[in-house]
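Step one of this worksheet: look at the structure below.
Atoms within a ligand are numbered from 1 in the order they appear, just like the ligands themselves.
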Amino acid sequence: MSGTTVQPVGYACGARVMGIDLSKPVSDDVAGKIRDAWHKHLVLVFPGQRIDPFQLVAFSRHFGELEDYASQPFNRHPDVNEVMVITNKKSNGKPSPTYNAGQNWHTDLSYTIRPAKGTTLHCIEKPSVGGDTMFANMYLAYETLSPKMQAFLDGLEGIHDASLIQGLEKRGPEVAAEYKRLNPPVIHPAVRIHPDTGRKALYVNERVRQFVGLSEAESKPLIKFLCEHSVASRFVYRHYWSVGDVVMWDNRCLTHLAVGDYDPRESRYMIRTSGKGDYLGRLVAAENASPSAQPTTSAKIAEGVAALED
Ligand SMILES: O=C(O)CCC(=O)C(=O)O
Ligand SMILES: [Fe+2]
């Protein structure tokens, strides 16, 4: 990447990449170097870009197949299926269903069986102040736990539930109901091994309701502890957006939060792609109904479901 620089912008994660024009085709060689920088810094910021949704898709495809957002059929870009619009701007006089997207700590699409691998977000309009996004390094969150807690979490699975999306109900009863219908609770490991780096990362966030095999009363304090621990300020990079930024992050080893710290009368307009996940979780319901499920697993899931229905 001659003429290109990668400059860390945060200690926990985050680097600024200068000298690449994303409106032009990116060679496989450059894409490989970007991937290496991404694995090292987890969040890459490409400032000063002017790209349309097609160019965003072309760039993002270098890092794998793209998500078609079938489980979130809201605010899709009218011209490009793989692009979601994250905005507070009304369309056809109706409030945007993504106006409050991402306002609790999460990792994208973890409430689906195939959570997004990475996400790329391009800022087209932003409020005069605020509208920031924060990212927490979940490798560090895991690595700073005691060995006993790490060993315990290594064997745990979390139930991720779309109904825990912050502000979902405020998007309107139809949007909320459709979201939940399309995204029934799913199970993922509490700790994931990143397929490219081999490092373990905590995979628990504010959209986890319970751990499989633990009661709700046992799960809740542990989830609370892990959520608080994982977003300690020393693990966090806060991105202050500028128009033209393209930010690409790794959902397998980060959680993130849209802070929502801006005047809602001002416009914020971002376009987004997500990479299809490289691993599959399991549906709580399917697992529970499957006759081939191991009795112990089945019983554990049933316990989880029963507590979910409390
Ligand atoms: O709008 C933002 O700052 C981030 C929203 C979000 O969580 C996402 O696009 O995945
Ligand atoms: Fe998100």
Side-chain angles (χ1 to χ4, degrees), residues 10 13-14 42-47 53 56-57 60 63 66-69 71-77 80 82-89 95-112 114-127 129-138 160-162 164-168 170-171 175 179 183 188 203-208 227 230-231 236-264 266-277:
C13 54
L42 322 187
V43 182
L44 294 182
V45 182
F46 301 81
L56 180 66
V57 164
S60 317
F63 310 101
L66 294 186
E67 180 57 52
D68 62 5
Y69 295 122
S71 60
Q72 306 80 45
F74 313 103
N75 257 26
R76 208 71 70 76
H77 193 280
V80 193
E82 297 96 333
V83 173
M84 189 189 278
V85 177
I86 306 285
T87 188
N88 63 347
K89 290 169 87 164
S96 159
T98 55
Y99 84 95
N100 63 357
Q103 294 190 0
N104 56 351
W105 284 100
H106 67 284
T107 173
D108 290 334
L109 309 194
S110 83
Y111 49 79
T112 70
R114 194 170 176 183
K117 174 176 166 182
T119 295
T120 306
L121 194 59
H122 178 38
C123 177
I124 294 173
E125 282 180 67
K126 70 168 288 284
V129 284
D132 308 335
T133 310
M134 300 206 288
F135 299 90
N137 182 329
M138 301 297 271
H160 295 239
D161 188 340
L164 295 177
I165 294 173
Q166 175 81 30
L168 183 63
K170 289 193 192 146
R171 297 179 199 174
V175 172
Y179 228 103
N183 298 286
H188 297 301
Y203 200 70
V204 175
N205 59 62
E206 292 179 354
R207 295 176 181 173
V208 174
C227 287
S230 64
V231 302
V236 170
Y237 164 66
R238 180 171 185 144
H239 187 64
Y240 301 91
W241 290 93
S242 296
V243 168
D245 285 348
V246 170
V247 173
M248 144 182 188
W249 67 82
D250 192 330
N251 284 303
R252 298 163 294 185
C253 52
L254 292 165
T255 56
H256 62 280
L257 169 86
V259 185
D261 57 336
Y262 67 97
D263 183 339
E266 295 190 67
S267 296
R268 187 174 187 271
Y269 187 95
M270 327 277 266
I271 55 173
R272 174 181 115 150
T273 56
S274 297
K276 268 202 172 160

For the residue pair Tyr203 and His160, does the interplanar ring angle fall in the parallel (under 30°), tilted (30 to 60°) or perpendicular (over 60°) class? tilted
Residue list, side-chain hydrogen bond (donor to acceptor under 3.5 Å, both in side chains) with Thr133, at least two apart or on another chain: Trp241
Just how far is it from atom CD of Glu82 to atom CD of Glu67, taken to the nearest 0.5 Å? 10.0 Å
May I have the step-by-step check of side-chain hydrogen bond (donor to acceptor under 3.5 Å, both in side chains) for Thr112 and Ser71, ending in yes or no? CA-CA 8 Å; Thr112 70; Ser71 60; 5.3 Å; no
Salt-bridge contact Asp132-Lys126 (side-chain N to carboxylate O under 4.0 Å): no
Does Tyr269 have any ring pair (Phe, Tyr, Trp, His ring centres under 6.0 Å) partners at least two apart in sequence or in another chain, and if so, which? none
Taking only heavy atoms of the protein into account, state which residues are under 4.0 angstrom from an atom of ligand 1, in chain and number order. Ile86, Ala101, Gly102, His106, Asp108, Leu121, Thr133, Trp249, His256, Ala258, Arg268, Arg272
How many protein atoms of type N/O/S are positioned less than 2.8 Å from the Fe ion (ligand 2)? 3
CH2-CG distance between Trp249 and Asp108, expressed to the nearest 0.5 angstrom: 5.5 Å
Give the C-alpha distance, both sets of side-chain angles, the deciding distance and a yes or no for side chain to side chain contact (heavy atoms under 4.5 Å, CB included) between Arg114 and Lys276. CA-CA 7 Å; Arg114 194 170 176 183; Lys276 268 202 172 160; 3.6 Å; yes
Least distance between heavy atoms, Thr87 atom then Arg268 atom: OG1-O, 2.5 Å
